[in-house]
Novice: 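Below are the structure tokens for one structure; questions will follow.
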Amino acid sequence: MRPQKRSSLLRRWLTPPGVLVILMTATLLRFDRPLIRGDGVAYLAWADSLLLDGDVDMANQVEKLRYVNDESKVYWDESQGKYVNVFPFGVAIMQAPFYGLGHLVAQQGWLDPNHAYFIQHQGVPLPYSLLVMLGANLYAIGAALLAITWRAAAWTP
């Protein structure tokens, strides 16, 4: 009885969707890097402001992210008389648990090799971006697994 169960599970994962999830996971592990760049800086500003500051005032995020903010993400808006973020905060809400975990890890001084490099290239130490990257990968893999589960439930041989 036991070998049939294992064989059935292996057969399920060796379907084209299962192989694609395995390949996706391997690709994420191999090629992903824990460095927040581009539009991710705007979401980093939101996560930092909402989670650590508990406000929507971007003034201190402009200072923190001064090395990577190219004035196209968070900038001074004359009409409102304050710093604004041009991106919505939705992605930051999903990143918040992982950013918070990164904050706890950073406070402990764990996973902080080459502190100056990460401050210069993303404005925050490695634990923040590493855990946000892992969270994004978990969301991607979870979405793929849900898609396979839904397809498997709808498919009857």
Side-chain angles (χ1 to χ4, degrees), residues 13 15-153:
W13 277 105
T15 62
V19 170
L20 286 174
V21 169
I22 292 168
L23 289 173
M24 179 183 80
T25 304
T27 302
L28 288 172
L29 290 173
R30 171 64 179 98
F31 294 110
D32 218 349
R33 63 186 180 129
L35 194 60
I36 297 172
R37 307 297 291 167
D39 294 347
V41 172
Y43 301 120
L44 171 68
W46 273 121
D48 194 76
S49 184
L50 294 171
L51 195 65
L52 301 185
D53 299 343
D55 62 23
V56 292
D57 180 17
M58 294 285 160
N60 53 347
Q61 277 67 40
V62 168
E63 176 60 28
K64 184 184 273 188
L65 304 174
R66 67 185 174 276
Y67 298 115
V68 293
N69 182 25
D70 60 4
E71 298 293 323
S72 67
K73 282 45 167 204
V74 181
Y75 67 94
W76 181 258
D77 184 6
E78 286 293 333
S79 66
Q80 295 184 46
K82 64 179 183 177
Y83 285 100
V84 295
N85 192 329
V86 297
F87 286 80
F89 59 83
V91 173
I93 298 292
M94 293 188 69
Q95 292 173 340
F98 301 101
Y99 194 79
L101 188 57
H103 181 66
L104 292 174
V105 169
Q107 283 182 326
Q108 299 301 318
W110 302 331
L111 299 173
D112 198 16
N114 206 350
H115 182 84
Y117 174 83
F118 283 95
I119 295 295
Q120 179 184 5
H121 288 282
Q122 69 184 13
V124 294
L126 171 66
Y128 293 94
S129 58
L130 178 64
L131 288 161
V132 166
M133 178 194 77
L134 291 174
N137 290 350
L138 286 174
Y139 284 136
I141 293 166
L145 290 172
L146 283 174
I148 287 174
T149 302
W150 178 81
R151 175 70 173 128

Novice: Answer with yes or no whether the side chains of N69 and Q61 bring together a donor and an acceptor at under 3.5 Å.
Specialist: no
Novice: Are D57 and S49 close enough that a side-chain donor and a side-chain acceptor fall under 3.5 Å?
Specialist: no
Novice: Are any non-hydrogen side-chain atoms of V62 and Y75 less than 4.5 angstrom apart?
Specialist: no
Novice: Might you confirm whether atom OH of Y139 has over 12 heavy atoms from other residues, nucleotides or ligands at distances under 6.0 Å?
Specialist: yes
Novice: When rounded to the nearest 0.5 angstrom, what is the spacing between CD1 in I141 and CD1 in I22?
Specialist: 11.0 Å
Novice: Using side-chain contact (heavy atoms from CB on, under 4.5 Å) as the criterion, point out the one residue from V41, I36, L65 that pairs with Q122.
Specialist: I36
Novice: Compare every heavy atom of L131 with every heavy atom of F98, then report the nearest pair and how far apart it is.
Specialist: CB-O, 3.3 Å
Novice: Would you please name every residue forming a side-chain contact (heavy atoms from CB on, under 4.5 Å) with F87, sequence neighbours left out?
Specialist: D39, A42, Y43, K73, N85
Novice: Search all heavy atoms of P34 against all heavy atoms of S129 and return the closest pair with its distance.
Specialist: O-OG, 2.9 Å
Novice: Less than 4.5 Å apart, side chain to side chain, heavy atoms only: is that true for L50 and Y99?
Specialist: no
Novice: Which class fits the ring pair H103 and Y128: parallel under 30°, tilted 30 to 60°, perpendicular over 60°?
Specialist: tilted
Novice: For residues D77 and Y83, determine if any side-chain heavy atom of one lies less than 4.5 Å from a side-chain heavy atom of the other.
Specialist: no
Novice: With side chains defined as the heavy atoms from C-beta onward, is the minimum distance between L20 and M24 less than 4.5 Å?
Specialist: no
Novice: Rounded to the nearest 0.5 Å, how far apart are CD1 of I119 and CZ of R66?
Specialist: 9.0 Å
Novice: Within a strict 4.5 Å, meaning less than it, do heavy atoms of the W46 and I93 side chains meet?
Specialist: no
Novice: Compare every heavy atom of A47 with every heavy atom of A92, then report the nearest pair and how far apart it is.
Specialist: CB-N, 3.6 Å
Novice: Calculate, to the nearest 0.5 Å, the distance between atoms CZ and CE belonging to R33 and M133 respectively.
Specialist: 11.0 Å
Novice: Using side-chain contact (heavy atoms from CB on, under 4.5 Å) as the criterion, point out the one residue from D32, L29, T25, V132 that pairs with N137.
Specialist: D32
Novice: Would you say the side-chain atoms of R37 pair up with the backbone N or O of H121, donor to acceptor, closer than 3.5 Å?
Specialist: yes
Novice: From L126 CG over to L35 CG, what is the distance, rounded to the nearest 0.5 angstrom?
Specialist: 9.0 Å
Novice: Kindly indicate whether the side chain of W76, heavy atoms from C-beta on, has any atom under 4.5 Å from the side chain of E71.
Specialist: no
